[in-house]
Each structure stands twice: as C-alpha cells, then as structure tokens.
Amino acid sequence: MIADTPETRELSPADALEAALDWWREAGVEDDYRDEATSWLAEPEEEQAVASPKPRKLPEEPKQTPLERAFEGTAETAQIGGAPGSFPDTLEKFREWWMAEASLSQAGVQNRLPPRGVAGAKLMVIVPEPMDGDTDALLSGAPGRFLEAVTGSMGLQPHELYLASALPAPVSLPDWAAIARQGMSEVTRHHIAVAAPHRVLVFGRALAPLFDISPDMAREPAVVKAGENTLPLMLAPQLAELARSAPRRRNFWNRWLEWTA
C-alpha cells in the first residue's frame with residue numbers, strides 16, 4: 001500500500017524564514033554569529049559628523065652645537081674679543097683682558113687660566129685649551145710634565161718658553177673653523193704679536209683654521225703673520241697623542257729637527 005503523497009504547499013517568504021529559525025532553535029542555536037565585528041553604536045549623521053582636528057606639530061627647536069652653547073648669548077655677527085683695534089697692546093694688559101673679557105668664553109671666568117712666560121721667548125707653545133689636571137696654572141698637570149720632557153730634549157729651558165692656550169677655558173668639542181670665523185683667529189694672532197716669540201709650536205692640528213691653514217696643509221711647515229712680524233709656525237699632534245704613540249713621537253722629532261735646522 002502506497003501512502004498518498006501530500007500535495008506540496010507553497011511557503012511564503014515569511015513562513016520559510018520562520019521555519020528556518022525553528023529548525024535552528026531545535027538544533028540549539030539561538031544566537032547569530034558573524035566573522036566580522038559589528039558596531040552596535042549608531043553612526044553620527046553625515047551632517048553632524050565632525051572630523052577631529054589633527055594635532056598641530058610644534059616646530060622643533062634648532063639643536064645647538066657645542067660652540068653655540070659655549071657662546072650662548074653672543075650675537076651671530078658679534079666679534080669675539082671685539083674690534084681688533086681695541087685689543088690690549090701689552091702682554092701684561094693682554095693677560096688681564098684674557099681673564100676678564102666676556103666674549104672670549106661663556107664658560108665662566110672661574111675656569112680660565114692665563115698664559116705663562118715672558119715676551120720674546122724662544123718658543124711659544126699653544127695648546128687648544130686648559131687640560132685636566134691644570135688646577136693652579138696652564139700645563140701644570142701631567143701633559144705639562146710631558147711637554148717639559150719634550151722641550152728639555154730640544155735643549156730649551158722652562159724660562160725660554162711661553163705657554164698659551166687657544167681658548168681661556170675648556171669647551172666641549174669646539175668647532176675651530178667657526179671659532180676662527182667669529183674672531184678668535186684675530187685674537188690668536190694678536191696674542192702672538194704681543195708675546196713676540198721666535199717660533200710658534202701648536203699642539204693640535206685641529207687649530208689650523210686659526211692660522212688660515214687648510215687641513216691638507218696642516219702637516220707642512222708654515223708661517224703666521226703677527227703684527228709686523230712673520231714667524232715660523234709648526235702644527236703637531238696633541239700632547240696626549242704624542243704621549244701614547246712612539247711612532248708619532250719619532251715622526252714629530254724628525255719634523256722638529258727639519259724645522260729648526
């Protein structure tokens with residue numbers, strides 16, 4: 001006996017949706033899940049939506065070089081030491097001015113050290129700045145004792161030396177080219193003029209801009225025009241470099257012998 005096949009009943013879309021939901025409920029599924037996250041908060045109306053303003057980026061302050069920090073407060077066009085015509089005309093007055101003139105260094109006068117020696121010395125020695133251990137006088141620490149040994153081997157007595165520094169007080173990583181442009185070149189030449197030595201020996205080839213010497217010529221014998229005189233000038237490695245390197249000491253000694261021959 002074959003059962004009568006019931007006639008197929010057409011379901012409306014609403015009935016079909018309800019039947020499908022009933023099927024899922026009987027299967028134990030009562031919630032709707034999606035892979036994508038759904039925002040349940042109402043979106044603002046287009047005309048009411050206001051874009052948040054982008055945060056305004058503050059202009060960055062220009063970074064200062066060590067030289068600019070050292071001479072902070074000095075105008076860009078200011079001349080270190082003032083006009084060359086106003087420089088002291090005697091060595092004694094120059095020493096006083098070296099210790100007090102504000103434009104020479106903003107590091108504070110308490111850190112300054114004066115040059116040592118008398119006018120007319122056989123050799124003027126210039127180092128970049130006062131060194132570690134120079135508490136009471138310029139080149140009074142270990143580098144000064146090494147210099148004394150070097151000059152002693154040259155046959156020079158302490159009273160035949162004039163000891164000076166290119167800067168009156170220490171400066172962190174000085175930019176010598178900028179210092180020279182700002183007027184320290186004129187100050188250095190005037191210092192040599194009032195000291196009136198026979199020769200000038202500079203320990204530190206980085207000081208070449210003070211004498212208008214290009215870096216590629218810093219190893220060659222040179223001259224410096226100081227006042228009415230033109231003096232022999234020699235640039236050498238810094239004292240610390242010579243102290244720790246025997247080859248550099250040997251090379252320096254050979255150059256010294258050639259320079260003084």
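All heavy atoms count here, side chains included; hydrogens, waters and symmetry mates do not.
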Do any N or O atoms from the side chain of Arg249 and from the backbone of Ala243 form a donor-acceptor pair under 3.5 angstrom?
yes

Same cluster for Phe146 and Trp253 if Ile/Leu/Val/Met/Phe/Trp/Tyr side chains link at under 4.5 Å?
yes

Between Leu242 and Leu257, is there shared hydrophobic-cluster membership here, with clusters defined by ILVMFWY side-chain heavy atoms closer than 4.5 Å?
yes

What about Phe252 and Val200, same hydrophobic cluster or not, with Ile/Leu/Val/Met/Phe/Trp/Tyr joined at side-chain heavy-atom distances under 4.5 Å?
no

Out of curiosity, does Leu138 fall in the hydrophobic cluster containing Leu239 (side-chain heavy atoms, cut-off under 4.5 Å, transitive links)?
yes

Between the main-chain N or O of Gly81 and the side-chain N or O of Ser103, is there a donor-acceptor pair closer than 3.5 Å?
yes

Contact between Leu167 and Trp176 at the side-chain level, heavy atoms closer than 4.5 Å - yes or no?
yes

Holding to salt bridge (charged side-chain N to carboxylate O under 4.0 Å, His left out), I want the full list of residues that pass it with Arg248, two or more places apart in sequence or in another chain.
Glu241

Arg112 and Ala102 have their tightest heavy-atom pair at NH2-O, 3.8 Å

Could you list all the ring pair (Phe, Tyr, Trp, His ring centres under 6.0 Å) pairs where at least one residue sits in residues 89-116, not counting sequence neighbours?
Phe87-Trp97, Phe94-Trp97, Phe94-Trp98, Phe94-His191, Trp98-His191

Heavy-atom side-chain proximity of Glu96 to Pro88 below 4.5 angstrom:
no

Going by heavy atoms in the side chains, are Pro128 and Gln238 under 4.5 Å from each other?
yes

Straight-line distance of Leu113 CG to Ser140 OG, nearest 0.5 Å
7.0 Å

Only counting residues at least two apart or in another chain, list the ones meeting side chain to side chain contact (heavy atoms under 4.5 Å, CB included) with Thr151.
Leu147, Met154, Leu156, Leu161

Note, Leu233 side chain near Ile192 side chain (heavy atom, < 4.5 Å):
no

Rounding to 0.5 Å, atoms CE (Met234) and OG1 (Thr260) come to a distance of 8.5 Å

First locate atom CD of Glu129, then atom OG of Ser105, and finally report the distance between them rounded to the nearest 0.5 Å.
9.5 Å

With sequence neighbours excluded, what pairs up with Lys225 under the salt bridge (charged side-chain N to carboxylate O under 4.0 Å, His left out) test?
none

Which atom pair, heavy atoms only, marks the closest approach of Arg95 to Tyr162?
NH2-CE1, 3.5 Å

Following the transitive rule for hydrophobic clusters with a side-chain heavy-atom cut-off under 4.5 Å over Ile, Leu, Val, Met, Phe, Trp and Tyr, establish whether Leu235 and Trp259 coincide in one cluster.
no

Under 4.5 Å between any side-chain heavy atoms of Leu139 and Met131, yes or no?
yes

Student check: side-chain heavy atoms of Pro168 and Met99 closer than 4.5 Å
no

Hey, can you pull the donor-acceptor pairs under 3.5 Å for the side chains in residues 201-221, sequence neighbours left out?
from   : atom 1 : to     : atom 2 : distance (Å)
Asp212 : OD2    : Arg189 : NH2    : 3.0
Ser214 : OG     : Asp216 : OD1    : 2.5

Are Trp256 and Val150 close enough, and set up right, to give a side-chain contact (heavy atoms from CB on, under 4.5 Å), and what steps lead you there?
CA-CA 11 Å; Trp256 166 264; Val150 171; over 6 Å; no

Just wondering, more than 12 heavy atoms not from Glu160 lying within 6.0 Å of its CD?
yes

Run the side-chain contact (heavy atoms from CB on, under 4.5 Å) check on Met124 and Leu231 step by step: do they pass?
CA-CA 11 Å; Met124 180 176 183; Leu231 304 176; over 6 Å; no

Quick one, Ile80 and Leu104 - any side-chain contact, counting heavy atoms below 4.5 Å?
yes

With sequence neighbours left out, what residues match Lys93 under side chain to side chain donor-acceptor pair (under 3.5 Å)?
none

